Number of protein chains: 2
Amino acid sequence: MVNVRSEDLTARARIRDAAVARFGRDGFRAPVRAIAEDAGVSAALVIHHFGSKDALRAACDEHVLTVIREEKSAAITNASPADTIGMLARVQEYAPLFAYIVRSLLDGGALAGHFVDGLVDDAEAYLEAGEAAGTVRASADPRGRARQVIATQVGLILLAQLDAAAGRGVAPTDDPATAIDELTRASMLPGLELYTHGLFTDTSYLDAYLEYKEKP
Amino acid sequence: MVNVRSEDLTARARIRDAAVARFGRDGFRAPVRAIAEDAGVSAALVIHHFGSKDALRAACDEHVLTVIREEKSAAITNASPADTIGMLARVQEYAPLFAYIVRSLLDGGALAGHFVDGLVDDAEAYLEAGEAAGTVRASADPRGRARQVIATQVGLILLAQLDAAAGRGVAPTDDPATAIDELTRASMLPGLELYTHGLFTDTSYLDAYLEYKEKP
DNA sequence: CACCACACTAAACACTCGTTCAGCCGCGCC
DNA sequence: GGCGCGGCTGAACGAGTGTTTAGTGTGGTG
């Protein structure tokens with residue numbers, strides 16, 4: 001049901017994929033029986049293979065992290081524009097993973113911590129590279145800046161989630177790919193504006209804070 | 001237990017306050033029995049007064065929204081620095097409300113939608129006032145920019161939440177007041193930097209996007 | 001063939017939790 | 001004083017859910 005090539009997988013893998021999809025769609029309160037039904041097996045088999053529901057979730061976390069790592073290293077090794085577009089095209093395939101990560105984010109799970117840590121690490125590296133290339137300004141707190149950038153991204157996703165929950169998405173659709181598309185489209189212009197010119201017309205606010213930080 | 005002046009309140013109000021505190025601390029899966037115990041009443045009385053757990057939550061939402069509106073209008077009418085400091089001093093008192101709102105945010109509840117809408121509205125108004133005063137730059141998408149600013153704020157809270165869940169808060173404390181303090185302290189410098197100078201050294205990224213937007 | 005390990009299942013168990021039920025208690029009103 | 005009414009309670013009900021149990025079939029192995 002979940003994956004087009006479900007028949008090819010072992011029952012254990014089918015259960016794991018079904019769990020990732022269910023958890024992503026319905027949250028971690030999704031019943032084991034529902035996951036079992038999605039995978040076409042009995043609830044008892046889920047426990048038989050994974051020991052407990054918590055262990056199943058841990059297996060999902062590990063699997064998602066593995067896929068992310070593979071995908072990330074693949075994206076780094078061949079980072080041509082064509083490949084990037086290819087990745088976007090496959091977003092449909094990875095949509096369940098994305099949903100799962102968002103759930104983990106909202107749930108405060110351990111996976112979410114590792115995930116955002118990785119994002120902040122990446123952002124910091126990219127920004128440093130940009131600095132070296134001369135396209136990005138220097139910062140007094142590179143880590144904090146990277147964190148700020150990622151926080152904005154995560155916050156925009158959360159806000160979009162809220163809009164969707166309120167039934168007033170920018171484009172009322174259930175398709176995650178176009179949802180992400182809409183999200184980036186709506187935030188691209190303000191984001192670039194902000195990142196290009198900043199918000200303030202002069203440095204008085206920053207100066208005031210720097211002075212206050214010296215002698216409170 | 002929850003509020004120092006619990007004895008002064010009617011049972012209904014005590015239950016409501018206990019529910020806000022419990023929901024904020026443990027999430028909306030907190031059992032009715034736990035709330036009842038906090039309020040010093042039986043679980044049956046909770047249902048007797050509110051009809052159901054969902055209705056209790058709705059009453060909590062309404063109550064929180066009311067307090068926010070009162071507090072907000074109070075902050076607008078007398079917006080002197082002293083009053084602002086007074087509000088910060090009372091953050092301890094409003095910490096349960098803050099926790100409740102964060103829970104609602106993570107839960108995607110209706111309250112969260114209204115709340116962030118209000119925040120975005122406020123941010124937009126403030127930015128427009130800054131524009132008029134000449135301290136804030138003009139934007140091609142004021143609403144989107146306000147949304148971006150609020151998203152950053154919300155995202156930072158979420159990230160801090162994740163760090164706390166992972167047991168590695170910047171300062172390991174359970175006190176929400178100092179937690180908020182730490183959060184603003186850690187993000188103030190990168191935020192001001194970003195909002196003052198932007199991220200990029202030139203306008204090439206923005207220009208490229210604007211050109212792409214014209215003819216894709 | 002006998003047997004064993006293993007994937008797998010239906011049913012039952014145990015527990016949590018929201019809600020209902022039947023009744024108690026104290027207070028104002030006739 | 002009697003009496004009802006509303007706040008209030010302990011106990012029970014019933015639904016949902018994770019897990020256990022006892023067993024079934026099957027495929028490989030001696």
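We name chains A, B, ... by the order of the sequence lines, and we start the count at 1 in each one. Predicted, not measured: the structure shown is a model, and the values here were computed from it.
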**OP:** Show your reasoning for whether salt bridge (Lys or Arg N to Asp or Glu O under 4.0 Å) applies to B/Glu124 and B/Arg143.
**Re:** CA-CA 6 Å; B/Glu124 194 177 357; B/Arg143 184 72 183 178; 2.7 Å; yes

Give the rounded distance in Å between these two atoms: [atom1] of [X] and [atom2] of [N].
| X | N | atom1 | atom2 | answer |
| --- | --- | --- | --- | --- |
| A/Arg57 | D/dT19 | CZ | P | 14 Å |
| B/Phe28 | C/dG18 | CZ | P | 14 Å |
| A/Leu56 | D/dT17 | CG | C1' | 14 Å |
| B/Arg29 | C/dG18 | CZ | C1' | 15 Å |
| A/Lys53 | C/dC15 | NZ | P | 18 Å |
| B/Arg14 | D/dG7 | CZ | C1' | 11 Å |
| B/Leu45 | C/dG23 | CG | C1' | 15 Å |
| B/Phe23 | C/dG18 | CZ | C1' | 12 Å |

Subject >> From CA spacing to verdict: side chain to side chain contact (heavy atoms under 4.5 Å, CB included), A/Glu193, B/Asp141 >> reply: CA-CA 9 Å; A/Glu193 238 183 40; B/Asp141 181 0; 5.5 Å; no

**OP:** Look at the side-chain N and O atoms of B/His48 and state whether any lies under 4.0 Å from the OP1 or OP2 oxygen of D/dG7.
**Re:** yes

Subject >> Any A/His49 side-chain N or O less than 4.0 Å from OP1/OP2 of C/dC8 >> reply: yes

When you measure from the side chain of [X], which nucleotide among [options] comes out closest?
| X | options | value |
| --- | --- | --- |
| A/Arg33 | D/dC8, C/dA12, C/dG18 | C/dA12 |
| A/Pro31 | D/dT9, D/dT21, D/dT17 | D/dT17 |
| A/Ile47 | D/dT20, D/dT17, D/dT9 | D/dT20 |
| A/Ser42 | C/dG18, C/dA10, D/dT19 | C/dA10 |
| A/Ser52 | D/dG7, C/dA7, D/dT19 | D/dT19 |

Original post:
Heavy atoms under 4.0 Å, any strand shown: does B/Ala30 hit a base, just sugar-phosphate, or nothing?
Top reply: sugar-phosphate

Subject >> B/Arg57 to B/Phe23, cation-pi by 6.0 Å centre distance and 45° axis angle >> reply: no

Subject >> Residues B/Arg25 and B/Asp38 bridged, charged N to O under 4.0 Å >> reply: no

Original post:
Judged by modelled atom types alone, do A/His49 and A/Arg12 share a side-chain donor-acceptor pair under 3.5 Å?
Top reply: no

Original post:
Relative to the 5' end of DNA chain C, which residue comes earlier, B/Ala43 or A/Ile15, by the nucleotide with the nearest heavy atom?
Top reply: A/Ile15

